Structures are given as structure tokens and as C-alpha cells.
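What follows is a set of notes on a single structure, which appears directly below.
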Amino acid sequence: MGSGIGFDWPVIARDAELAEIARALNMGAGVLLTGEPSVGKSALLRAVLEREQRGGARALDIGRLDPSSPRHAAQPVSGRGQRLIIVADDVRTAAPATLAAACRLIAGGHALLLAAESSRAPLSADMRRLLTGTLIHRVKVGPLDRSGIAKALRTRLGAPVAVETAERFWDASGGNIRVLQDLTERSLTDGSLRRVGNLWRWTGLPAVPDDGLVGLVDLVLGRLTRNERELVAVLALAGPLDTTLSLVVGLAEAAESLDRRGVVTVEHQGLRKMLRLTHGLCAHVVPCTLPADTVGRLRARIADAVKASGIPRPADPARFAALRLGLNDRPTSAGSVTSAAEALHGEDYVLAEALCRTALKEAVTPPTGRSADGLPPCGVGLRTGGGPPATFAVEGGTSEVGDLLVSGTGSRAGAARGSARGADGELLILLGEALAGQRRCAEAEAEFLEADRVGVAADLRPRLVRSRVRNLAVGLGRLAEAQAVLDAEGAVRAGQADRHLEPRALLGLLAGRLDTLPTTSSSYALMPTGSVPPPAALALHEGGGSQASLALLESGAPARDAGLDHLVVSAWITLHACGGAEALGILDILRDHVGAGPRRCMYLALLEARIHRTAGRTARAVELFRQAAAQRGPAEWFVTRSWRLAQLAGALAEQGETAEALSVLEQARTAEDEELAHLLATNAVLLEAATVAACAGDRSTTVRQALGVAQQAAAAGWSVQALAALHLTARAGAAVRAAMLLPAASAGCVPDAVVVRHIRALAVRDGDALDGVAEDFAGLGRLPLAAEAAAQAARVHQTGGDRLKARASQATSAALASRCDVSPPDWTVPTPGGDNPVGPQLTSRECEIATLAAAHLSNQEIADRLVLSVRTVENHLYRAFAKLGVTTRAELPRRLAPDTLRSCLIA
């Protein structure tokens with residue numbers, strides 16, 4: 001394994017740990033590095049030691065001293081002014097006599113300790129006494145987070161890495177720096193990690209792991225007992241397992257040992273605790289090292305344990321079916337339908353496809369040694385992907401059901417299969433949904449057409465139409481055909497329920513036709529669930545009816561197969577209208593939602609990231625945005641992948657990582673070309689791009705893009721998005737123009753009302769009003785905006801000569817900013833130069849025309865508005881420019897007095 005010249009893997013992305021170590025040493029305290037094996041403690045210790053030695057410190061490595069020498073305690077003596085550093089790579093295994101002498105020097109204030117603990121041997125009594133005082137400071141060195149992985153890769157490779165590539169490395173390594181280093185260097189050697197354009201991309205782990213990867217897994221796992229090996233193999237085959245499962249309970253001691261060593265991780269999913277392998281690399285490699293009879297034995301044990309548990313979790317039927325299929329034990333046709341539906345609900349689309357195809361074959365083929373396709377039965381020597389067995393998705397995701405897909409690409413296989421299709425339309429719908437979930441949208445449309453041809457039961461007709469319309473519109477981008485499918489269903493009769501209201505709402509949202517969507521609870525009263533479809537609720541919210549949309553969402557329980565969208569949209573609107581605390585309550589429900597599929601996990605990460613970003617916890621928000629942006633699941637009708645990438649770019653820019661933000665933004669623009677573009681998502685990407693531009697110092701681009709979004713959104717009726725664009729415009733320095741474009745109607749919810757007041761206070765430079773806005777934002781939990789408004793108030797007070805108020809506002813801003821990860825950005829606070837407004841003697845007409853010109857209205861627009869000739873407007877502007885001492889319209893807002901602006905805005 002090679003390594004980059006001059007590149008120190010263990011130290012990169014360890015800025016926080018290095019800073020904490022430096023603070024401790026500067027305060028006269030030693031440092032003890034703790035953490036799991038292979039996280040780079042020894043290398044970090046060496047890097048710190050080298051830095052101290054360059055500063056003149058003298059080092060004494062007690063691990064290299066002869067403990068039998070009576071002079072070993074005298075060796076540390078150094079010259080005056082030199083700091084003595086006692087070094088121990090593993091303080092737990094140091095010779096007792098040597099360690100005791102070192103502890104005496106440390107306790108006497110003659111030396112500082114710089115050590116790590118790597119083994120699990122007990123600490124000496126002398127060391128425990130030192131740790132109870134202030135002479136030694138513990139510094140935990142943990143696995144790298146997603147941002148650390150991205151930074152390490154970017155530094156090693158010398159260029160940005162694609163977001164999904166960084167996520168693949170994080171998943172495979174679990175943040176372990178040794179594993180990351182080995183995988184990176186191996187992937188560079190074999191060419192799977194290569195530069196494509198401006199980005200480095202990794203295709204992932206090899207389908208068949210070589211001896212090197214197997215050896216790396218052995219290194220990560222360490223020496224295992226028999227029960228520990230059994231548990232690792234079980235988790236590699238089955239994926240995350242409930243800790244209450246009898247099989248896991250029987251291996252509880254092994255689980256505790258592996259957890260302490262970082263081999264397994266316990267995760268909380270609602271009220272349940274799930275056990276999984278920490279490193280994706282282990283889950284990928286271990287199944288390939290197991291003998292076939294061991295795999296069969298373990299699968300049978302897992303299946304029996306799941307069955308014996310009474311199958312308490314709705315996702316367990318699908319899990320049980322997958323395990324039995326792996327043993328060539330086919331479920332009944334009815335069992336396959338139930339399991340396929342559960343697999344779809346858990347977002348395990350590959351398993352759902354396998355179960356559907358198995359059931360379709362079962363209808364015409366007896367369970368003999370050959371199937372209707374002339375292929376061996378499911379699970380016998382078949383591997384469509386050519387790769388090793390991957391983990392079974394207990395809660396959804398990737399599973400070893402590639403072995404079960406005997407039909408390969410889903411092509412038709414003769415009359416026998418056709419008759420099977422005719423026998424069960426529900427299976428065809430499920431199969432189409434499974435294919436759509438894998439982005440095989442053309443194949444999905446073929447299955448939906450077949451289901452429509454053979455006919456389905458009346459109660460299944462709405463599901464077929466809904467699934468087909470979503471696949472055509474979102475998956476294939478064929479809106480006209482999707483609309484034709486709906487039109488073919490006929491008009492809704494008076495007094496009858498619109499069974500296809502959800503797909504109608506979806507098409508209305510995607511096409512931006514808000515006027516076609518019902519906005520009252522009575523419109524949905526006849527629906528089976530009595531609740532509003534999520535696309536309609538989102539459209540109503542974006543149209544300014546946040547509270548009304550929440551009321552409609554709460555008017556009835558969501559249908560089971562639409563529950564995820566229902567909860568996601570509810571949390572989204574609640575965060576905007578009510579705040580993060582209320583939205584977290586919905587996320588708690590979402591965490592308990594059936595399944596832990598990629599789409600649910602993506603939205604959990606995305607919504608939580610938005611909550612953290614709103615509250616000023618930018619670092620945590622970036623981590624979660626990385627997770628959400630890397631997900632490549634089914635085609636999304638709501639938050640597209642480009643939108644998720646753009647939000648990551650915006651948060652990175654706010655964190656000060658402008659270079660990476662620009663790279664991620666470019667990835668977002670590329671993703672837009674690969675998905676359905678609808679106005680809501682397109683404008684959202686533009687707004688995040690405007691934020692990145694502002695953080696990069698290009699406020700003019702920010703204002704131009706934000707104003708363009710505001711105008712487009714307002715024209716389409718998206719008032720919430722239009723207001724967000726105007727708010728960004730005002731924060732970037734064009735508050736007068738933003739205030740002039742505010743709608744006359746009142747804001748739809750309390751947070752929107754505060755935003756409107758913020759825009760107007762910035763436009764008229766009212767320091768007292770900005771102080772009030774800061775207080776209101778703080779009450780809503782929007783701490784970054786609160787700190788920003790207080791800083792703006794301080795600048796306005798200072799400009800107006802009120803130093804007392806300026807100091808008070810600045811103190812408020814500092815206090816609020818201390819609760820955030822970042823300070824208010826410079827681009828939101830007016831600069832000193834040219835900010836002092838002047839109140840020259842303008843006539844009322846000059847003042848009126850100058851103010852409209854400051855709002856970027858053209859001479860013709862001003863003339864039309866005031867019923868004047870263009871020549872008259874030009875003459876008034878000429879005199880106003882001379883009195884104000886300006887030569888361009890861009891200078892007008894800074895030269896007009898606040899009272900002048902205020903009076904014009906109020907008028």
C-alpha cells in the first residue's frame with residue numbers, strides 16, 4: 001500500500017483534536033489520547049510531538065527506556081527554559097517502574113505527558129491519580145465523520161470528490177482512518193478511483209474482494225472468539241438486527257465485546273435498538289469468505305429466529321421471505337404478495353421485484369428443478385449482478401436478492417408468463433412499483449400497461465393510476481402522457497369522491513397550476529382517508545396557506561402506502577410555520593415509521609439538517625446534508641437530488657467552505673439534467689446558488705438571481721418561495737427593491753411576518769425595528785438570523801450616532817452568535833463606507849422619483865406609475881442626482897434618508 005508523498009493521513013481532518021491538544025499543553029496540562037483502535041492515535045501523537053520539538057521542547061519516550069536501569073529517572077533532566085515532554089505510545093503497557101518515575105516528574109510539575117492508550121490493560125494507580133486532577137487532559141480521537149472523510153480525500157487527491165464518492169468511502173470505512181487510507185490507495189492503483197472532469201469518482205468496492213481486502217477486514221475485526229465470529233457472520237448476512245431477537249440475545253456477550261471495540265454499532269430506531277456492523281467493508285467481504293454450508297446454516301437460524309419472534313415488526317414478513325428464498329424455500333403466491341408489499345413499504349425494491357417474479361412464476365410453474373424460463377429455481381447458482389452476496393436489507397435497501405431475479409432485466413418470457421400476469425393484476429402493480437423504485441421506469445411502465453390490459457379490481461384501480469402517473473411524470477418526465485392517463489379516467493361527478501385526487505395534485509404541483517388544486521377540507525372529505533394528498537398540501541403551503549395546509553394534513557390519517565410522503569410534507573411545513581421543536585416531534589414519528597429504507601433515511605437526514613441549519617448548528621447540518629445529498633433512490637417528486645445537493649452547497653458556504661460549496665453546486669447543476677425539472681425545485685437550487693455567491697463575495701450576482709426567483713415564484717403563485725427570495729435580496733444589500741416588491745397581502749404565518757418586518761426595517765434602516773426583529777427571530781429559534789439582525793441594528797445605531805444602542809445591539813448579536821457555529825456573514829451587514837444616509841433638500845416629486853429609481857424601476861415604469869412623461873422623469877432624476885452627489889441608480893439607496901424611504905414605502 002502506497003501513500004501520497006508529504007501526505008500524513010492520520011493528521012488530516014483532525015483540526016479540532018489538534019487545537020484541543022494545543023490548548024491543554026499551553027495551559028500546562030498533559031494529554032492522553034483515547035479512542036478505538038486504528039483511528040490514528042499514535043500517528044496524531046507523533047505529529048504533535050514533532051510540532052513541540054520544533055518549538056524547542058525535549059522529548060523522552062518512556063517506551064524506549066530500560067526499566068532496569070537505575071538512571072532512567074535522571075535522563076529527563078534538560079536545560080533551562082526547555083519543556084520536557086514524556087511520551088508513551090501506549091501508557092497502559094509501559095513498564096511499571098518507568099511509568100512510576102515519569103508520574104513523579106509530572107506530579108512535581110517538571111514534565112508534561114503526551115501519551116495514547118491503545119490496549120485494554122488496566123491503568124496504573126499512579127496514572128489514575130494523575131487523571132483525577134488537572135495535570136492530564138483526556139482527548140478522545142474518534143472515527144472521522146463525513147466532512148472529515150471528504151476533507152481527507154480532497155487533500156490526498158488534490159481535487160474535490162463527488163458527494164456520493166465521499167459517502168461510499170465513509171460507509172465502507174466507518175470513518176476508520178486506516179481503512180480509508182488502504183481503500184483509497186488500493187482504489188487509485190486498480191483504477192476504480194479516478195478523476196472524471198473536475199471530480200474524483202469511485203465506483204465502489206470490487207464485486208469479488210481480493211486477498212488484500214480480506215486481510216484488511218481481518219485487521220479491522222481483530223482476534224475473534226467463536227461467538228464473535230458467529231455474530232459478525234450473522235450481521236453480514238442479515239444486516240441490522242433487533243437486539244431483542246433471540247439469536248442476538250444468545251450472543252449478547254459477544255455483542256458487548258464487539259461494541260466496545262467498535263466492530264459493531266448499536267443504533268436507536270424509535271423505541272428499538274438495532275445492531276449492525278460498523279464498517280460497510282466488513283458487511284461486503286465477510287459473506288464471501290463463508291463456506292456455502294455455513295451460509296445456509298446461518299440463514300436458517302436467522303429465519304427461524306425471525307419466525308419465532310412472532311414477526312412483531314411489519315417489515316419482518318419481507319425479511320423472512322428473503323431468507324427463505326435464499327434457502328430455495330419459495331413462499332406461496334399469497335405470501336409473496338404480502339411480502340412484496342412489505343418489501344415495497346420498506347423500500348427494498350430489489351427484493352420486492354424478486355418476490356413478485358417468484359409469485360408470477362408460481363402461478364404457472366410447479367416447484368420442480370427447472371422454472372418456466374428453463375433456469376434453476378430461485379437462489380440456485382444465480383447471480384445477476386456478478387458480485388458477492390451483499391447484506392440482506394432488514395429494513396430495506398440492498399439485499400442478496402440479485403440471486404433471485406431469474407428474469408434478469410424483466411423482459412417477457414413467453415405465453416406462460418403472460419397467463420400468469422393475467423391471473424393477478426395486483427402483482428403486476430407491485431412489480432411496476434418495484435421497478436420504478438430502481439429507476440427502471442420504462443420497464444415499470446410496461447408492467448403498468450400490462451396490468452391495465454388484463455384488468456385489476458376496482459379497489460386497486462386508484463393505486464394503478466397513481467403509480468403509473470407518478471412513474472410517467474416524475475420517472476420518465478412525460479407530463480403530457482401522465483395527464484392523458486388521468487383524463488382517460490373521466491371527470492369527477494358531483495357528490496362523488498375523486499379517487500384520483502393525489503395524482504391530479506401531483507401534476508398540478510409539477511406543472512405549477514395551483515389554481516387547479518382544491519384548498520378546503522370539504523374537498524377531501526369524500527376521500528377514503530379524509531386527508532389531503534401531500535402534493536396538494538405542499539402546493540397550498542407554498543401558495544401562502546401554511547396553517548391551512550397543516551390543518552388539512554391533520555384532518556385524517558394518511559393511507560399506509562402514502563404515509564412517508566404525508567409525514568415528510570407535514571414536517572417540512574411545520575418547520576417553516578411553527579419552528580424546529582414542533583418539527584422534531586414529527587421526525588420522532590417518522591423514525592418509528594415502518595422500514596428504514598433509503599428514502600426514509602434520506603428525508604430524515606434532510607429534515608433534521610434543515611432544523612440544525614435554521615438553529616445555527618451548521619456543522620451538524622452539513623454532516624446530515626452530505627448524507628441526504630448522496631442518496632440515489634427513486635425519482636423524487638418533492639426534494640430532488642439537485643435540490644439536496646444545493647442545500648449542502650449553501651450550508652458549506654455559510655460554514656466558510658466556499659471552494660467545496662462551489663464544487664457541490666456544480667454537481668447540483670449536473671444533477672438537474674438527470675431529473676424532472678419543476679419550478680419549485682429549480683428556483684430552490686437558484687436560491688442556494690445565490691447564497692453561495694454572496695458568501696463568495698459576489699453580492700451583485702446574489703441580488704440578480706434572488707430577484708429573478710422572486711419574480712418567477714410570484715408569477716406562479718409560490719408566495720413562500722417568493723418571500724424567501726426577497727429576504728435574501730434584502731440581506732444582500734438591495735432591501736429597498738425587495739421592500740417595493742413585497743405583496744400587499746399579509747404574511748401567511750408568524751415567521752413570514754417577521755421576515756417581512758426584517759425586509760422593511762433594512763430598507764428604511766430602522767435600528768429599533770431591527771432590534772425587535774432580532775428578538776422575534778430568537779424567539780422562533782432562528783438564531784443565525786437573530787444574530788444577523790442584531791448586528792445590522794448595531795451598525796444602523798452606530799451610523800446614526802447612538803453609541804449606547806449600538807453597543808447593546810452588538811452585545812446581543814455576539815451573545816446570539818455564540819450559540820451558533822458561525823458568526824453573521826459580512827455580506828449581510830452594511831459596510832461603513834457610504835452607508836451614512838443624507839437628507840438633502842429634495843422636492844417631494846424628486847424624492848418620489850428617486851426612491852422608485854432606487855428600487856430599480858426604469859424611467860418608463862416610473863412615468864407609467866406616476867402618470868408623467870419620460871422626459872419629466874429624466875429631468876427630476878437629473879436634479880436629484882446632483883443634490884445627492886451620485887452618478888448611478890445603484891448609489892441612490894445609500895444616499896436617501898431613512899425617513900424618505902420609510903414614507904415612500906408606507907405610501
Side-chain angles (χ1 to χ4, degrees), residues 239 303 306-307 311 313-365 367 371 377-379 384 392-410 417 420-441 443-444 446-448 450-451 454 456-457 459-460 463-464 466-468 470-471 559-564 594-600 633-634:
V306 172
K307 186 175 183 179
I311 312 184
R313 295 169 63 92
D316 280 350
R319 181 197 326 189
F320 181 76
L323 291 167
R324 300 310 303 181
L325 279 171
L327 297 170
N328 196 29
D329 183 2
R330 295 185 178 185
T332 64
S333 180
S336 292
V337 173
T338 301
S339 298
E342 294 293 349
L344 279 175
H345 196 58
E347 301 172 45
D348 193 341
Y349 302 108
V350 180
L351 173 59
E353 180 189 358
L355 290 167
C356 289
R357 294 196 186 282
T358 299
L360 288 169
K361 292 177 185 300
E362 192 71 20
V364 295
T365 307
S371 71
C378 294
T384 58
F392 278 103
V394 175
E395 302 294 338
T398 307
S399 58
E400 193 198 334
V401 294
D403 291 349
L404 312 176
L405 298 181
V406 297
S407 60
T409 62
R417 180 169 300 180
R421 284 194 168 91
D424 199 337
E426 182 178 7
L427 273 173
L428 293 171
I429 297 174
L430 293 172
L431 178 57
E433 291 173 347
L435 293 168
Q438 301 171 64
R439 288 183 178 261
R440 293 159 61 185
C441 301
E443 297 175 56
E447 300 299 337
F448 292 139
E450 182 68 9
V454 302
V456 297
D459 60 332
L460 290 175
R463 178 169 185 170
L464 172 60
R466 180 177 69 244
S467 298
R468 190 181 175 201
R470 179 178 290 202
N471 183 60
R560 185 177 181 279
D561 60 349
L564 177 60
V594 176
R599 190 166 179 263
R600 192 207 72 153

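None of these values were measured; they are calculated from a predicted model.
In this structure, the separation between OG on Ser467 and CG on Leu430 is 9.0 Å, given to the nearest 0.5 Å. With values rounded to the nearest 0.5 angstrom, Leu464 atom CG is found 11.5 Å from Glu447 atom CD. Between the CG atom of Leu355 and the CG atom of Asp348 there is a distance of 8.5 Å, given to the nearest 0.5 Å. Between Glu450 atom CD and Leu431 atom CG the span is 10.5 Å, to the nearest 0.5 Å. Between atom CD of residue Glu443 and atom CD of residue Glu353 there is a gap of 7.5 Å, rounded to the nearest 0.5 Å.
Under a 3.5 Å cut-off, the side chain of Glu347 and the backbone N or O of Arg599 do form a donor-acceptor pair. Looking only at distances, a side-chain donor or acceptor of Asn471 sits under 3.5 Å from a matching main-chain atom of Cys441.
For the pair Phe448/Glu433, a side-chain contact is recorded, criterion being any heavy-atom separation below 4.5 Å from C-beta on.
For Ala340 against Cys356, the heavy-atom pair with the smallest separation is CB-SG, 3.8 Å. Taking both residues in full, the closest heavy atoms of Leu460 and Ile429 are given as O-CD1, 4.1 Å, listed atom of the first, atom of the second, then distance. Residue Ala436 comes nearest to Ala444 through the heavy atom pair N-CB, 3.7 Å, listed as atom of the first residue, atom of the second, then distance. Contact detail for Pro634 and Gly437: the closest heavy-atom pair is CG-O, 3.5 Å. A pairwise comparison of heavy atoms in Ala451 and Gly425 identifies CB-O, 4.2 Å as the closest pair.
The salt bridge (Lys or Arg N to Asp or Glu O under 4.0 Å) check on Arg470 picks up Glu502, Asp565, with sequence neighbours excluded.
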